[in-house]
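Everything below concerns the one structure shown next.
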2 protein chains.
Amino acid sequence: MKDRMRIGDLSERAGVTQRTVRYYEKMGLIPPGEREGNGQHYYTDETVARLRKIDQLKKLGLSLEEIRDVIDLYFMDPSGVQPKQKVLGILKQHLAETDQKIEGLQQFRTDLLNHIDRFEQWLKDAEQH
Amino acid sequence: MKDRMRIGDLSERAGVTQRTVRYYEKMGLIPPGEREGNGQHYYTDETVARLRKIDQLKKLGLSLEEIRDVIDLYFMDPSGVQPKQKVLGILKQHLAETDQKIEGLQQFRTDLLNHIDRFEQWLKDAEQH
DNA sequence: TCCAAACATGACGTTAACGTCGTGTTTATA
DNA sequence: TATAAACACGACGTTAACGTCATGTTTGGA
């Protein structure tokens with residue numbers, strides 16, 4: 001529950017490298033946090049959450065550019081957003097895409113099971129002399 | 001139903017570029033098909049099917065290297081394979097990975113639904129004056 | 001206060017999956 | 001048979017998403 005950590009702490013908690021943090025910062029995926037004149041950057045728990053969210057989205061196959069376009073939706077309360085309907089639209093579109101991907105994977109899974117069955121069947125047949 | 005096409009025909013049917021065909025050929029994803037001394041490569045309908053399968057697998061997030069390790073499984077009958085147990089192992093490992101991905105996606109889906117709910121709730125509350 | 005550990009920044013390197021170009025050969029059609 | 005279209009092959013280019021130095025500054029504990 002720290003609310004003022006530096007990059008080492010942050011990257012360790014989020015499970016990414018410092019290089020990645022700096023890269024995302026430059027790419028606009030996480031907000032910058034500099035302090036006065038010393039040059040060091042300070043981050044909060046929300047940054048950890050953002051990094052984890054980014055990781056999730058990456059695993060879904062989104063590029064960093066795509067993520068940058070939607071990441072903010074996950075970190076603002078609805079009362080602060082002006083074009084709420086638009087945001088809702090994007091979220092629903094993401095839901096549809098996710099369902100598509102799940103369906104594709106399940107189809108793939110079925111294919112895999114069929115192949116496994118075929119192999120096991122062959123092994124069993126060959127086994128009984 | 002051609003069984004002897006050249007690269008132009010092949011790439012058009014499979015919906016990939018000629019460069020991609022040559023790249024996959026060099027990477028061992030599709031079998032080479034040269035003819036005598038003329039230098040030109042000839043392909044069959046199966047190559048079209050392979051290219052389409054590769055595209056499917058790519059959309060699931062598999063790398064070309066991962067695909068190369070499994071693509072043959074879709075295009076040979078089990079009776080022709082020597083190390084059947086090994087192949088079975090690979091298939092089962094892919095099954096496990098697929099299950100992992102599906103689980104991740106479903107978690108993400110749940111998150112999405114929660115966010116959507118929050119937005120819709122807010123809109124409904126704001127609506128009644 | 002001193003000094004090792006942590007941080008900042010710039011620059012060059014790396015991998016995957018192709019794109020693009022140049023040049024030379026093969027095929028197919030008028 | 002001539003010649004444009006298709007093909008082969010090598011080589012260099014490109015983008016994303018970082019990794020890996022190198023070098024200089026800041027922090028925090030003995």
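Throughout, protein chains are lettered first and strands after them, A, B, ... in sequence-line order, and every chain is numbered starting at 1. The model shown is predicted, which means the values in this text are computed figures rather than measured ones.
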Going by atom type alone, with no hydrogens or angles, which donor-acceptor pairs under 3.5 Å involve a side-chain atom of residues 66-73 of chain B and a protein atom two or more places apart or on another chain?
from	atom 1	to	atom 2	distance (Å)
Glu66(B)	OE1	Ser63(B)	N	2.8
Glu66(B)	OE1	Ser63(B)	OG	3.4
Arg68(B)	NH1	Met27(B)	O	3.2
Asp72(B)	OD1	Arg50(B)	NH1	3.4
Asp72(B)	OD1	Arg50(B)	NH2	2.8

Check your understanding: Restricting to pairs with a member in residues 51-74 of chain A, which pass ring-ring contact (aromatic ring centres under 6.0 Å, His included), not counting sequence neighbours?
Key ->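 Sorted pair list: Tyr74(A)-His115(B).
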In this structure, how many angstroms lie between the [atom2] atom of [N] and the [atom1] atom of [X], rounded?
X: Gln40(A); N: dA5(C); atom1: CD; atom2: C1'; value: 11 Å
X: Leu29(B); N: dA17(C); atom1: CG; atom2: P; value: 9 Å
X: Ile67(A); N: dA16(D); atom1: CD1; atom2: P; value: 14 Å
X: Ile7(B); N: dA5(D); atom1: CD1; atom2: C1'; value: 15 Å
X: Ile54(B); N: dA17(C); atom1: CD1; atom2: P; value: 11 Å
X: Asp9(B); N: dC7(D); atom1: CG; atom2: P; value: 8 Å
X: Lys26(A); N: dA11(C); atom1: NZ; atom2: C1'; value: 10 Å
X: Glu65(B); N: dT15(C); atom1: CD; atom2: C1'; value: 11 Å

Point to revise | Spatial distance of atom CG (Leu62(B)) from atom CD (Gln56(B)) [nearest 0.5 Å] | key: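 Rounded to the nearest 0.5 Å, the CG-CD separation comes to 11.0 Å.
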Review point. OP1 or OP2 of dT27(C) less than 4.0 angstrom from a side-chain nitrogen or oxygen of Asn38(B), does that happen here?
Key: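 Looking at the OP1 and OP2 atoms of dT27(C), one of them is under 4.0 Å from a side-chain N or O of Asn38(B).
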**Study point:** Residue-phosphate contact under 4.0 Å: His41(B) side-chain N/O, dA6(D) OP1/OP2
**Key:**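 Checking His41(B) against dA6(D): no side-chain N or O falls below 4.0 Å of OP1 or OP2.
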Check your understanding: If you find the nucleotide of DNA chain C closest to Tyr42(B) and the one closest to Arg6(A), which residue's nucleotide is nearer the 5' end?
Key ->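 Closest to the 5' end, via its nearest nucleotide, is Arg6(A).
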Practice item. With the side chain of Arg22(B) defined as its heavy atoms from C-beta on, choose the nearest nucleotide among dA8(D), dT9(C), dT27(C). Key: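 The listed nucleotide nearest to Arg22(B)'s side chain is dA8(D).
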Point to revise | All pairs passing salt bridge (Lys or Arg N to Asp or Glu O under 4.0 Å) where residues 115-124 of chain B contributes a residue, at least two apart | key: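 Counting only pairs at least two positions apart or across chains, the salt bridge (Lys or Arg N to Asp or Glu O under 4.0 Å) contacts touching residues 115-124 of chain B are Lys92(A)-Glu120(B).
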Point to revise | Pairwise salt bridge (Lys or Arg N to Asp or Glu O under 4.0 Å) hits with a residue in residues 19-28 of chain B, at least two apart | key: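 Not a single pair qualifies under salt bridge (Lys or Arg N to Asp or Glu O under 4.0 Å).
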Exercise for review: Report the residues that fulfil salt bridge (Lys or Arg N to Asp or Glu O under 4.0 Å) with Lys53(A), sequence neighbours left out, ordered by chain and then residue number.
Suggested key: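 Only Asp111(B) meet the salt bridge (Lys or Arg N to Asp or Glu O under 4.0 Å) criterion with Lys53(A).
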Exercise for review: Using a 4.0 Å cut-off on protein heavy atoms (strictly under), produce a 5'-to-3' string for nucleotides 18-23 of chain C with B for base contact, S for backbone-only sugar-phosphate contact, and - for none.
Suggested key: BBB---
Practice item. State, with a plain yes or no, whether a side-chain heavy atom of Leu10(B) is found less than 4.5 Å away from one of His41(B). Key: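 They are not in contact (no side-chain heavy atoms under 4.5 Å apart), so the answer is no.
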